[in-house]
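All remarks here apply to the structure that follows.
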Amino acid sequence: MAVFTPLSDAQVAAFLEKFDVGSFVSLKGVANGTENSTFFVTTDRRELVLTLFEQGEHAELPFFVELLDYLDEHRLPVPGTIHDREGIALHSLEGKPALLFPRLPGRHPQAPNLAQCHALGDTLGRLHVVSKRFPGHRPNPRDLNWLHVMHHKVLSYLSPADQTLMKDEVDDFESAFSQHDELPQGALHGDLFRDNTLFEGDQLGGIIDFYNGCTGDLLFDLAIVINDWASNDDGTLNAERYSALLSAYQARRPLTEDERELWPTMLRMTALRYWLSRLLVVYVDPPAHDLTPHDPERFRTILNARIAHGALPLPEVSA
Ligand SMILES: Nc1ncnc2c1ncn2[C@@H]1O[C@H](COP(=O)(O)OP(=O)(O)OP(=O)(O)O)[C@@H](O)[C@H]1O
Ligand SMILES: N[C@@H](CCO)C(=O)O
């Protein structure tokens with residue numbers, strides 16, 4: 001149950017009075033989610049989501065508000081924050097930072113079909129086109145520097161073969177990236193897994209959970225998406241989902257020559273990023289709550305598959 005800070009109906013009813021969203025009708029804690037307390041709130045006018053921030057750098061919340069509002073203004077399907085009557089989005093409730101959002105329609109796809117992959121590729125391409133001009137700045141906290149520093153913390157928990165695998169990969173990434181100029185930059189979602197999207201049928205109703213949002217290599221975001229959305233159970237790439245997603249993405253933003261060259265490396269680097277972050281949660285910095293952590297093995301499998309088979313060819317960009 002991902003409600004770490006319970007709220008009463010009366011508290012939420014009083015909170016809503018600051019906003020022009022109608023009167024409180026009901027409140028329901030949201031069971032999924034692992035980081036923040038999330039509630040579905042119904043008023044006599046609309047459906048809302050109330051999020052209390054339980055962890056992380058609260059100083060970074062204004063960045064997330066600006067990013068969500070910027071993307072919402074550019075007609076991306078994201079929950080732009082709801083501002084109160086004085087224009088303020090970020091509030092405090094029960095001593096925790098609090099944000100109010102529209103509730104977006106849809107469900108997380110477990111096994112995305114090709115139309116859903118196409119829809120996600122198209123929207124991510126549009127998002128990256130507009131996010132290049134986003135004025136905010138938050139360096140990617142899970143970039144190669146982070147991998148370099150943090151992988152040392154988990155080595156002692158790994159088999160000798162996995163230690164070698166992880167060290168060799170980080171060396172390879174450093175060597176590959178040092179041979180290229182800076183890749184195209186912009187704002188990233190930073191964690192665009194299936195469970196951070198909402199679909200109604202084949203229609204993408206929303207992209208949520210921007211709390212890994214940052215600025216950096218756009219290719220990093222795309223590689224995270226491909227590893228989660230287009231991997232088979234054995235970690236190999238699923239050619240149909242891969243092609244549907246990347247064709248749609250590249251119709252909006254064709255990859256540059258440097259990005260095409262670094263693509264197989266970026267797929268491996270983002271696989272290792274999740275292998276490592278999940279290992280850190282299991283061994284080094286377990287959360288206070290008892291929710292089951294995500295399985296690190298999944299991303300070791302994906303990494304090994306990328307090493308064994310490389311990336312599939314990128315689809316041709318139609319002129
Ligand atoms: N704007 C929204 N519209 C509809 N549903 C939402 C919205 N925001 C959050 N949710 C629902 O609440 C759940 C938890 O939200 P969120 O992913 O932001 O929480 P979290 O604790 O950061 O979780 P995670 O483990 O994914 O990091 C989502 O899986 C989704 O079902
Ligand atoms: N999407 C992340 C968890 C949330 O950051 C993972 O699958 O490890």
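One finds no salt bridge joining Arg306 and Glu169 here, because no Lys/Arg side-chain nitrogen approaches an Asp/Glu carboxylate oxygen to under 4.0 Å. Comment: Asp172 engages Arg268 in a salt bridge, judged by a side-chain N to carboxylate O separation of less than 4.0 angstrom.
Under the 4.5 Å side-chain contact rule for hydrophobic residues, Tyr283 and Leu280 share a cluster. Criterion: ILVMFWY side-chain heavy atoms under 4.5 Å apart, direct or through other members. Under it, Tyr211 and Val49 are part of a common hydrophobic cluster. Two different hydrophobic clusters hold Val25 and Ile82 under the rule that ILVMFWY side chains link at heavy-atom gaps under 4.5 Å. In this structure, Ile307 is a member of the same hydrophobic cluster as Val170, with clusters built from ILVMFWY side-chain heavy atoms closer than 4.5 Å. Val129 and Leu245 are assigned to two separate hydrophobic clusters, defined by single-linkage of ILVMFWY side chains at heavy-atom distances under 4.5 Å.
A pairwise comparison of heavy atoms in Leu204 and Thr123 identifies CD2-OG1, 3.5 Å as the closest pair. Ala98 and Leu50 get closest at one heavy-atom pair: CB-CD1, 4.4 Å.
Using a 3.5 Å distance cut-off with no hydrogens or angles, the side chains of Asn232 and Thr236 do pair a donor with an acceptor. Asp221 and His128 share a side-chain donor-acceptor pair at under 3.5 Å. No hydrogens or angles considered: a donor-acceptor pair under 3.5 Å links the side chains of Asp69 and His83. In summary, the side chains of Asp84 and His91 do present a donor paired with an acceptor at a separation below 3.5 Å, with no hydrogens or angles considered. Between the side chains of Asn36 and Thr51, not a single donor N or O lies within less than 3.5 Å of an accepting N or O. The closest side-chain donor-acceptor pair between Asp258 and Thr256, if any, does not fall under 3.5 angstrom.
Counting only heavy atoms from C-beta outward, the side chains of Ile208 and His108 approach each other to under 4.5 Å. In this structure the side chain of Asn196 never reaches within 4.5 angstrom of the side chain of Ile207, judged on heavy atoms. Side-chain contact between Leu188 and Thr215 is absent, with no heavy atoms from C-beta onward closer than 4.5 Å. Put simply, the side chain of Pro315 reaches to within 4.5 Å of the side chain of Gln250, judged on heavy atoms. In this structure the side chain of Leu52 reaches within 4.5 angstrom of the side chain of Leu7, judged on heavy atoms. For the pair Arg278 and Pro293, the minimum side-chain heavy-atom distance is 4.5 Å or more. Residues Arg260 and Pro313 fail the side-chain proximity criterion, which asks for heavy atoms closer than 4.5 Å. Within the 4.5 Å cutoff, side-chain heavy atoms of Glu94 are placed close to those of Gln11.
Applying the ring pair (Phe, Tyr, Trp, His ring centres under 6.0 Å) test to Tyr274 and every residue at least two apart in sequence or in another chain returns Phe193, Phe299.
Listed by first then second residue, pairs satisfying salt bridge (Lys or Arg N to Asp or Glu O under 4.0 Å) with a partner in residues 2-28 read Asp20-Arg45, not counting sequence neighbours.
For the pair Arg142 and Trp146, the cation-pi test (distance below 6.0 Å, angle within 45°) is passed. For Arg85 and Phe19, the positive end is not near the middle of the six-membered ring at less than 6.0 Å and at most 45° from its axis.
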Atom pairs and distances, side-chain donor-acceptor, residues 155-162, under 3.5 Å, sequence neighbours left out:
unit_1 : atom_1 : unit_2 : atom_2 : d
Ser159 : OG     : Asp162 : N      : 3.1
Asp162 : OD1    : Arg300 : NH1    : 3.1
Asp162 : OD2    : Arg300 : NH1    : 3.4

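More than 12 heavy-atom neighbours from other residues, nucleotides or ligands sit within 6.0 angstrom of CG on Asp234. Atom CD of Glu174 sits in a crowded spot, with more than 12 heavy atoms from other residues, nucleotides or ligands closer than 6.0 Å. The number of heavy-atom neighbours closer than 6.0 Å to NE2 of His151, taken from other residues, nucleotides and ligands shown, is above 12.
The aromatic ring centres of Phe64 and Phe210 sit 6.0 Å or more apart. Phe15 and Phe24 have their aromatic ring centers separated by at least 6.0 angstrom.
The aromatic rings of Phe63 and Phe134 sit perpendicular, their planes meeting at an angle over 60°, well past the 30° parallel limit.
For the pairing with Leu48, the side-chain contact (heavy atoms from CB on, under 4.5 Å) check across Thr42, Val12, Leu16 returns one residue only, Leu16.
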Yes or no on side-chain contact (heavy atoms from CB on, under 4.5 Å) for Ser231 and Arg298, after CA distance, side-chain angles and deciding distance? CA-CA 10 Å; Ser231 292; Arg298 173 69 184 147; 3.5 Å; yes

